[in-house]
Each structure stands twice: as structure tokens, then as C-alpha cells.
Amino acid sequence: MANVDLDRATCYHEAAHAVFALKVCGGAVRYVEVDEGYGAASLRAFGGPAENWRHALYTLAGSFAEQLEIWGEVRPESFEDILESAEIEAEDPEEERGDSSHLVRYLEGMGADSFEDLRDEYEEVVRETENEIRRLWPDIEVVAAALKERRLLGAGELEKLLKGAADA
């Protein structure tokens, strides 16, 4: 297995969440930081399936950006693996739920009536997230590079970076 620069991967992960919050979900970002692997983002609350759709895209964006940077391709987990991870996360009530639990909750909120519908929703979210990652890749790269250097970006810094990337 290749040596993975975890710090660089985290920069891309958090950069993708920030870019998706702003450009895909219509939300706001107060800050994003690498050392805690966290960004304070709020996504616009539309309610219903549309809101769950945006949250699902946002949830997958971080790992997809990591994969694209590390491997040069996106390697999504199977739907069955996502369900298994969500079950494991749910077994420990003391643990904060992870991306798999959140993703399954968002998929269920899209109105799927059966296991097959949930799988279909997941596959569509995977396709759309990968398309958006590729479309927004220049923005993600700019933000990731700044995070690598500065470790923390506030809303104003993020806005300037993205405006500069759009002007380039």
C-alpha cells in the first residue's frame, strides 16, 4: 500500500467540505481548519428530500476529494459497506456518529421506500458528488494548498481564495 500523507489528505478533505458548503449547498463557512479536521459550516435549511440530498453530497465530498488526490480516482464504498459502517457506528452510543451514519440518515430522508431505493439513491449521490468534485477541483486545490500552509482559514480568507480561483 502506498504511503499516504495524512496531513495532505486532511487538507483536501476539509477543503472539499468547505467548497461544497459554499458552492453546492448554498451554505456558509465560518472557518475551516486542518489540525482538528473540522470546519464550522452551516448548510441552508430547505427541508425535505432536497435538504437531505445536499447533506449527502456534502458528507461524501471530503472522502472523495481525499481519494482523488491520493489515488487519482474516486473509489466509493459499496452501499453494503456503508450500511455496515453505519451499524458499527450505531453500536457505541457514547461515540459521535460518523459519516456513514449521517449518510444513511440523509438517504432515508430522501424518501426511499425500500432497500433497493436506498441503494439507488446512494448510487445517484455517489455519481453527483464525483461530478461536483471534478467540476470544483480547481477550487478544492486552492483551498487545500492554503490549508496546508496556514492550517486555518476564516470565512473572509476562504471567500478571497475562491474569488481568486474563479478569476484565474
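Partners of Leu83 under the side chain to side chain contact (heavy atoms under 4.5 Å, CB included) rule, at least two apart in sequence or in another chain, are Phe79, Val104, Phe115. Taking the salt bridge (Lys or Arg N to Asp or Glu O under 4.0 Å) definition, one finds that Arg134 meets it with Glu130, sequence neighbours left out.
Taking 4.0 Å as the cut-off between side-chain N and carboxylate O, Glu66 and Arg8 do not count as a salt-bridged pair. Taking 4.0 Å as the cut-off between side-chain N and carboxylate O, Lys163 and Asp139 do not count as a salt-bridged pair. One finds no salt bridge joining Glu108 and Arg105 here, because no Lys/Arg side-chain nitrogen approaches an Asp/Glu carboxylate oxygen to under 4.0 Å.
Residue pairs meeting the salt bridge (charged side-chain N to carboxylate O under 4.0 Å, His left out) criterion with at least one partner in residues 110-122, sequence neighbours excluded, are Glu80-Arg119.
For the pair Ile88 and Ser85, the minimum side-chain heavy-atom distance is 4.5 Å or more. Residues Arg135 and Asn131 fail the side-chain proximity criterion, which asks for heavy atoms closer than 4.5 Å. Using a 4.5 Å heavy-atom cutoff, the side chains of Asp7 and Lys148 are in contact. Side-chain contact between Val24 and Tyr58: absent, with no pair of heavy atoms (C-beta onward) separated by less than 4.5 Å. Side-chain contact between Val125 and Met110 is present, with at least one heavy-atom pair separated by less than 4.5 Å.
For Glu89 (side chain) and Ser101 (main-chain N/O), a donor-acceptor pair under 3.5 Å exists by modelled atom type.
Linking ILVMFWY residues whenever their side-chain heavy atoms come closer than 4.5 Å, directly or via other members, places Trp71 and Leu6 in the same cluster. In the hydrophobic cluster analysis, where Ile, Leu, Val, Met, Phe, Trp and Tyr join through side-chain heavy atoms closer than 4.5 angstrom, Tyr106 is grouped apart from Trp53. There is a path of hydrophobic side-chain contacts, each under 4.5 Å, that joins Phe64 to Val32.
Considering every non-hydrogen atom in both Ala61 and Ile133, the closest pair reads O-CD1, 3.5 Å. Considering all non-hydrogen atoms of both residues, Leu147 and Cys11 come closest at CD1-O, 3.6 Å. Among all heavy-atom pairs drawn from Ile70 and Ala9, the shortest one is CD1-CB, 3.8 Å. For Phe20 against Leu136, the heavy-atom pair with the smallest separation is CE1-CD1, 4.2 Å.
His17 contributes atom NE2, which lies 13.0 Å from atom CG of Leu22 (distance to the nearest 0.5 angstrom). Here the straight-line distance linking atom CG of Leu103 with atom CD of Glu77 works out to 9.0 Å at 0.5 Å rounding. For the atom pair CD of Glu132 and OG1 of Thr129, the computed distance is 8.0 Å after rounding to the nearest 0.5 Å. Taking CZ of Arg151 as the start and CD of Glu149 as the end, the distance is 11.0 Å to the nearest 0.5 Å. Within the model, atoms NE2 of His55 and SG of Cys25 stand 7.0 Å from one another, a figure rounded to the nearest 0.5 Å. Between Leu161 atom CG and Leu153 atom CG the span is 6.0 Å, to the nearest 0.5 Å.
Remark: Glu159 CD is loosely packed, at most 12 non-hydrogen atoms of other residues, nucleotides or ligands lying under 6.0 Å away. Surrounding CZ of Arg30 are at most 12 heavy atoms belonging to other residues, nucleotides or ligands under 6.0 Å away.
Taking the six-membered ring for Trp and the full ring otherwise, the centers of Trp137 and Tyr12 sit less than 6.0 Å from each other.
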Legend entry - Val143 vs Val19, side-chain contact (heavy atoms from CB on, under 4.5 Å): CA-CA, chis, key distance, verdict: CA-CA 8 Å; Val143 174; Val19 170; 4.0 Å; yes

